[in-house]
Amino acid sequence: MDSANKASFHEIFKSENEIPEEYKVAEIHQRVYLLNGELVEWNGDVQNIYSPVCIPTENGLERKLLGSIPNIGPKEAMEVLEACVKAYDNGLGEWPTMSVEGRIKCMEKFVYLMIEQRDVVIKLLMWEIGKTLADSTKEFDRTVDYINQTIDALKDLDRESSRFQQAEGTIAQIRRAPLGVVLSMGPFNYPLNEIFTTLIPALIMGNTILFKLPKHGVLAHYPLLNAFKEAFPKGTVNTLYGKGSEIITPIMESGKVNVLAFIGSSKVANGLKKLHPKVNRLRAILSLDAKNAAIVTKNANLDVAVSECILGSLSFNGQRCTALKLIFVQKEVAEEFTQKLTAAVSAMKAGLPWEKDVKITPLPEVNKPVYLKECIDDALAKGAKVLNENGGFTEESFVFPAVVYPVNSEMKLYHEEQFGPVIPVVPFDDIEEPIDYQVNADHGMQVSIFSEDPMEVSKLIDPFVNLVSRVNINCQAQRGPDVFPFTGRKDSAEGTLSVFDALRSFSIRSLVAAKLTESNKNLLNSIVRDHDSNFLSTDYLF
Ligand SMILES: NC(=O)C1=CN([C@@H]2O[C@H](COP(=O)(O)OP(=O)(O)OC[C@H]3O[C@@H](n4cnc5c(N)ncnc54)[C@H](OP(=O)(O)O)[C@@H]3O)[C@@H](O)[C@H]2O)C=CC1
Ligand SMILES: O=C(O)[C@H](O)COP(=O)(O)O
């Protein structure tokens, strides 16, 4: 890389006085955690939280200190678990027995209090994980929408379970009952949204929750602690802060967690599952790693393919499980495609999260720049090139995206989930090659097919529908809309999330059944009206 190009990236990190006042945040030194409805004070060990945004100092670039959080130990972690177990009380606690209407009211109060914290949470997301202003705002608003959609979906579900079914002389009402104590954990790339995609449906179905936040993104939750405390009964929601390996291990080993709701890497998820002494009693709802491929055939509209592959590969610097992490391009169009791709990547603006039009921002994971360099060097040593001039340029936490070509199955970039701003491009002759990749991959989440030929598209859909859980046609891979099912095959997922699926995943269908006689009909009719007296449907079977 020549020094003129490097110089243009030195401007990325600004001194504190160059940061606009409206985007500055005060340090947060959190000394409380939520236990049994109280914000319990913590005077022990703490963990410092740093931003991926660096500040130039006399000693060079340094990650800005954002604050600190309690490092609670195993003893306190077990108290948090016990509060949760007690609040559930074998299904007899205040929360699991509360009417659906009552739970919805609590959730509505929570959303109201959450929205009051919108601006500060968005600012913290930018500082803690380096997400752009547009994407941080989207993460917050999407989370609020998700909660509201969940409330609506629960109303529909409750209406459904107010009805009776009858077959073979038996009549039954199918109720949705909670599962128990849910441990919810999530990754750093959507620290707010991902935790809430399990915590909210689990909670509203009557389970009690303890949750552990990722170390990048934990402070963005601090303004919401009070909302949890105010909105829900004691012990219903409890928080864990500290080193995952120290505090989660005893919790899992206790056997008192009924549901592990985990979004993150399969390595950590599988390790946690194994700790449960009776793993058959543990329900696991997991959303895990993926290496989604794009397939650009000779019949693709290359402009569409390039713009969607860039969105897919580089939104939030490629740090999404749904990101496109390997691009197959048919040899006939490989040169034109890579030229267009390289030009578009080179034109992307790098900078700090709140700056206008910025798409490429600093990365939170301290070791990520070194790991990405290893992957790129491995490919270079095996015959690939970085096509764009500044590709892979690194300055402390910042890495400019690299288009690497031609990548093959001997290289790390072909197999490993880079989860960062590197686009490996694989030329292919025969369409069987990307299919083989998917057959042999450990993951099976999504694929994106780019072609304008209906016959070709139709021929490709069938194998891929059976290899992954979503086939995208002429568009990038993504989780949304959140009402669509979100899952994966092989190491990519266990269970399904979405506004509707999650309510079902965090509950069990529990029957109230009776012989179909005239007197039972009358009895059940009056029971269902009682159960439903202050809520919803009057649309009964009889
Ligand atoms: N399918 C999906 O929906 C998504 C999947 N992902 C996947 O997540 C990964 C990236 O996220 P990342 O945050 O690095 O995932 P990790 O699996 O490293 O972390 C997820 C959570 O587990 C905690 N944790 C990590 N190690 C341990 C341990 N030994 N014991 C207990 N808890 C632990 C983390 O806490 P701490 O931060 O404190 O270490 C964090 O809260 C990628 O593989 C990506 O594909 C990401 C987003 C969505
Ligand atoms: O965390 C992730 O990577 C998400 O599940 C991806 O969500 P998105 O496709 O909406 O960005």
Side-chain angles (χ1 to χ4, degrees), residues 47 49 69 71-72 74 77 128-129 131 135 138-139 142-143 145-146 183-198 211-218 221 239-253 260-275 285-292 311-325 363-368 371 416-420 442-446 448 469-470 472 475-482 484 486-498 502:
Q47 191 180 338
I49 304 295
I69 53 161
N71 235 351
I72 67 167
E128 266 193 288
I129 58 163
K131 198 170 259 194
D135 285 348
K138 203 157 119 194
E139 176 163 354
R142 177 182 185 177
T143 307
D145 287 347
Y146 179 82
L183 169 61
S184 173
M185 296 174 65
F188 77 85
N189 65 332
Y190 275 92
L192 188 71
N193 182 271
E194 294 281 21
I195 278 278
F196 278 36
T197 56
T198 60
F211 69 100
K212 148 91 177 76
L213 299 162
K215 61 179 166 290
H216 306 290
V218 58
H221 281 262
T239 58
L240 294 160
Y241 298 93
K243 298 197 179 85
S245 50
E246 281 174 24
I247 58 175
I248 304 298
T249 302
I251 287 176
M252 288 307 292
E253 283 175 346
L260 172 64
F262 182 94
I263 304 184
S265 62
S266 54
K267 187 169 161 236
V268 176
N270 292 332
L272 294 182
K273 258 171 72 176
K274 283 188 196 136
L275 296 174
I285 296 159
L286 314 175
S287 212
L288 307 169
D289 15 62
K291 188 156 172 100
N292 310 299
L311 274 179
S313 299
L314 295 180
S315 298
F316 190 37
N317 309 301
Q319 301 164 119
R320 295 156 64 228
C321 62
T322 48
L324 294 175
K325 295 169 187 146
L363 311 175
E365 290 177 290
V366 176
N367 297 327
K368 191 44 75 83
Y371 170 71
E416 294 185 19
E417 186 195 21
Q418 67 270 36
F419 215 72
D442 287 332
H443 319 97
M445 189 178 278
Q446 299 202 13
S448 288
S469 60
R470 174 162 163 170
N472 302 287
C475 66
Q476 66 149 328
Q478 59 186 6
R479 176 167 39 126
D482 290 335
F484 285 2
F486 181 58
T487 182
R489 295 167 184 273
K490 298 185 190 167
D491 291 349
S492 289
E494 196 171 320
T496 305
L497 292 172
S498 85

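Start at 1 and go down the list; that is how both ligands and their atoms are numbered. All values derive from a computational prediction rather than experimental measurement.
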Seminar exercise, completed: salt bridge (Lys or Arg N to Asp or Glu O under 4.0 Å) test vs Glu417 passes for just one of Lys325, Lys267, Arg320, namely Lys325
Exercise. Are the aromatic rings of His221 and Phe196 close, with centres under 6.0 Å apart?
Worked result: yes
For this session: Could you verify whether a donor N or O on one side chain and an acceptor N or O on the other, from Ser265 and Asp289, lie under 3.5 Å apart?
Result: no
Exercise. Which residue owns the protein heavy atom closest to atom 8 (P) of ligand 2, what's the atom, and how far is it?
Worked result: Tyr190 OH, 3.4 Å
Problem set entry | Option of least heavy-atom distance to atom 29 (N) of ligand 1 (set: Pro214, Gly264, Ser245, Pro364) | Ser245
For this session: Just go through Ser265, Ala269, Gly271 and tell me whose heavy atom is the nearest to atom 15 (O) of ligand 1.
Result: Ser265
Exercise. What part of Lys243, side chain from CB on, backbone N/CA/C/O, both or neither, has a heavy atom under 4.0 Å from ligand 1?
Worked result: neither
For this session: Would you check if there is a donor-acceptor pair between the side chains of Gln418 and Tyr371 at a distance under 3.5 Å?
Result: no
For this session: Using a 4.0 Å heavy-atom cut-off, say whether Lys267 meets ligand 1 through its side chain, its backbone, both or neither.
Result: neither
Exercise. Any donor-acceptor pair under 3.5 Å linking the side chain of Thr487 with the backbone of Gly495?
Worked result: yes
Seminar exercise, completed: In this structure, atom 1 (O) of ligand 2 is nearest to the protein heavy atom Glu194 OE2, 2.3 Å
Problem set entry | side-chain hydrogen bond (donor to acceptor under 3.5 Å, both in side chains) evaluation trace for Glu194 with Asn189 | CA-CA 8 Å; Glu194 294 281 21; Asn189 65 332; 4.9 Å; no
Problem set entry | Polar atom proximity, Glu417 to ligand 1 (N or O, under 3.5 Å) | yes
Problem set entry | contact_flag Met445 ligand 1 heavy-atom lt 4.0 Å | yes
Problem set entry | Protein residue, atom and distance nearest to atom 11 (O) of ligand 1, heavy-atom basis | Pro187 CB, 3.4 Å
Problem set entry | Distance under 6.0 Å and angle within 45° of ring axis: Lys291 vs Phe419 | no
For this session: Please indicate whether any nitrogen or oxygen in Ser287 is less than 3.5 Å from any nitrogen or oxygen in ligand 1.
Result: yes
Exercise. Taking only heavy atoms of Cys321, which atoms of ligand 2 are found under 4.0 Å from at least one of them?
Worked result: 2 (C), 3 (O), 4 (C), 5 (O)
For this session: With atom 19 (O) of ligand 1 as the reference point, say which of Phe262, Phe419, Phe188 has the nearest heavy atom.
Result: Phe262
For this session: Taking atom types as modelled, find out whether Thr198 and Ser184 have a side-chain donor-acceptor pair closer than 3.5 angstrom.
Result: yes
Problem set entry | ligand 1 to Lys212 polar contact by distance, N or O atoms, under 3.5 Å | yes
Exercise. Any idea which of Val268, Thr322, Ile248 brings a heavy atom closest to atom 25 (C) of ligand 1?
Worked result: Val268
Problem set entry | Under 3.5 Å donor-acceptor, Asn292 side chain and Cys321 backbone | yes
Seminar exercise, completed: Of Gly244, Gly242, Gly186, Ala323, the one whose closest heavy atom lies nearest atom 41 (O) of ligand 1 is Gly186
Exercise. Hey, is Lys215 touching ligand 1 through its side chain, its backbone, both or neither, going by heavy atoms under 4.0 Å?
Worked result: both
For this session: Report yes if some heavy atom in the side chain of Leu286 is under 4.5 Å from a heavy atom in the side chain of Leu260; otherwise report no.
Result: yes
For this session: Give yes if a backbone or side-chain nitrogen or oxygen of Met185 is under 3.5 Å from a nitrogen or oxygen of ligand 1, and no if not.
Result: no
For this session: Report the nearest protein non-hydrogen atom to atom 48 (C) of ligand 1: residue, atom name, distance rounded to 0.1 Å.
Result: Glu194 OE2, 3.1 Å
Problem set entry | Subset of ligand 2 atoms that lie under 4.0 Å from at least one heavy atom of Asn189 | 1 (O), 2 (C), 3 (O)
For this session: Using a 4.0 Å heavy-atom threshold (strictly under), name the region of Gln319 that reaches ligand 2: side chain, backbone, both or neither.
Result: neither
Exercise. Salt bridge (charged side-chain N to carboxylate O under 4.0 Å, His left out) between Glu494 and Lys273: does it pass, once the steps are laid out?
Worked result: CA-CA 12 Å; Glu494 196 171 320; Lys273 258 171 72 176; 2.8 Å; yes
Problem set entry | Part of Thr322 within contact of ligand 2 (heavy atoms, under 4.0 Å) | both
For this session: Answer side chain, backbone, both or neither: which part of Leu288 comes under 4.0 Å from ligand 1, heavy atoms only.
Result: backbone
Problem set entry | Heavy-atom side-chain contact between Ser492 and Leu288 under 4.5 Å | no
For this session: Examine the proximity of ligand 1 to Asp289 and report which part, side chain or backbone, both or neither, has a heavy atom under 4.0 Å away.
Result: both
Problem set entry | Element-labelled atoms of ligand 2 that are located less than 4.0 Å from some non-hydrogen atom of Gln478 | 9 (O)
For this session: Using the ring of Phe484 (Phe, Tyr or Trp, six-membered ring only), decide whether Arg470 places NZ or CZ under 6.0 Å from its centre and within 45 degrees of its axis.
Result: no
Problem set entry | ligand 2 contacted by Arg142 (non-hydrogen, < 4.0 Å) | yes
Exercise. Asn270 side chain to Ser266 main-chain N or O, any donor-acceptor pair under 3.5 Å?
Worked result: yes
